[in-house]
Amino acid sequence: MPQTTISLDHPLDFARWRTATRTLAGQHVPPDDIAWHVAPSGGPDAPMPDAHPFRIPRETMQLAADVLQSMLPDRFTLAYRLVYAHVTGTDVPPAELARMEAAAAGVRAETARLRHGLFTLMQRTDGDGAWHATCDAATYAPECNARFITFQLSLAPWRLALPGRRMEWTGHELLHGHDGADASPLAFNSLPPPAMPLVDGLDIARITALPAVALAARTCRICPMARHATRTVFGEGRSDARMMFVGEQPGDREDLAGRPFVGPAGQLFDRALHAAGIDRDDAYVTNTVKHFKFRRSGTRRIHEKAGPAEIANCAPWLAAERRIIRPHVLVMLGGTAASALLGRPVTIGRERSRAITLGDGATGVVTVHPSFLLRVPDEAARGREYDHFVADLRLAASLCAPARA
Ligand code: URA
């Protein structure tokens with residue numbers, strides 16, 4: 001007979017399920033002692049007593065999340081059992097594990113189908129321009145891919161009719177409702193994580209809104225750097241900027257702040273921009289690679305150069321920034337940016353300080369990376385290099401066509 005009742009706000013309330021599970025499994029409460037109810041409370045989470053902190057392996061949590069997207073009537077108990085077994089060092093009964101694995105496989109298959117067939121499924125309405133579709137889903141995978149759908153459709157409104165229920169992104173909020181009932185807001189963050197990483201199957205080249213690209217890039221886990229760095233540091237600035245500056249990768253300070261060029265190299269860059277008469281607020285500043293690559297030395301994090309694999313992994317994000325912003329002038333700060341954007345090895349000394357016509361009609365200017373200036377040991381030489389850098393920035397500014405109408 002269950003002794004503890006947990007109320008979830010909606011059938012996909014992963015946030016409350018996880019909080020309750022961590023607490024109850026930490027107290028070794030057996031799965032059969034818990035009753036899970038779906039009953040909208042509308043209020044904040046009820047406080048749960050603290051349990052000893054413990055780590056749940058990523059694969060266990062993902063399997064639990066996948067099971068919660070299935071339509072199994074006992075999915076909350078099954079998913080709890082996985083965590084409980086991990087915490088108590090007991091085994092999940094093989095028949096239950098098999099049911100969970102079969103359910104998770106169904107969720108994964110439906111996730112892959114939805115992602116790869118999204119543009120076949122979704123049609124654009126003539127009237128309001130929103131996307132819409134009817135989807136014959138056998139799981140809750142569509143709900144858990146709401147974020148994917150929203151980014152893939154460039155934050156445009158969409159509506160999805162599902163068996164017995166419907167979901168809608170209004171352009172501002174996600175709404176969900178069962179047939180015969182009003183739709184109510186559904187928080188993206190309350191949902192189980194989708195069965196595939198967010199960017200898997202995302203066609204970055206089709207996204208037309210810069211904020212959608214930036215939001216999607218935040219969850220990018222394509223390369224291992226993403227697991228060590230604090231966060232993705234996406235570019236920032238105007239989406240109609242006429243000048244775009246591309247550096248190598250965020251440094252320690254940028255990784256912590258989540259913004260490009262805010263550390264020592266960024267401060268020197270700001271000074272040089274000012275000297276060249278360029279207002280950073282009018283430009284777009286980004287990096288070739290969006291995560292900080294480093295090795296640890298004691299408590300310090302020492303910058304490591306991004307390699308070809310990381311540059312290639314990040315290339316779709318940089319390409320999307322370029323495609324959406326369409327800068328007139330693209331300033332490549334240092335060798336990594338220059339060779340990534342020109343698609344060949346670049347010797348800075350040979351290629352800097354001149355206009356280069358790029359394939360998309362923009363004009364490129366190669367110059368040194370500001371951190372190079374910080375490393376010049378001799379003061380007089382440093383002054384000369386700084387002046388040369390400012391001259392390159394002035395050249396870039398002079399190549400800017402008048403503002404687009
Ligand atoms: N160096 C870069 O290339 N980019 C930054 O954002 C900071 C330092």
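Order of appearance sets the numbers: ligands from 1, and atoms from 1 within every ligand.
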Pairs satisfying salt bridge (Lys or Arg N to Asp or Glu O under 4.0 Å), at least one member in residues 356-372, at least two apart: R322-D360

Validate the cation-pi geometry between R253 and F292: distance from NZ or CZ to the six-membered ring centre under 6.0 Å, angle to the ring axis within 45°. no

F14 meets the ring pair (Phe, Tyr, Trp, His ring centres under 6.0 Å) criterion, sequence neighbours left out, with W17

Hey, which residues fall under 4.0 Å of ligand 1 on heavy atoms? G247, E248, Q249, P250, G251, E254, P260, F261, N287, H369

The criterion is side chain to side chain donor-acceptor pair (under 3.5 Å); which residues satisfy it with T219, sequence neighbours excluded? none

When you compare the side chains of H303 and Q249, does any donor N or O come within less than 3.5 Å of an acceptor on the partner? yes

Report yes or no: do E321 and T286 form a side-chain donor-acceptor pair below 3.5 Å? yes

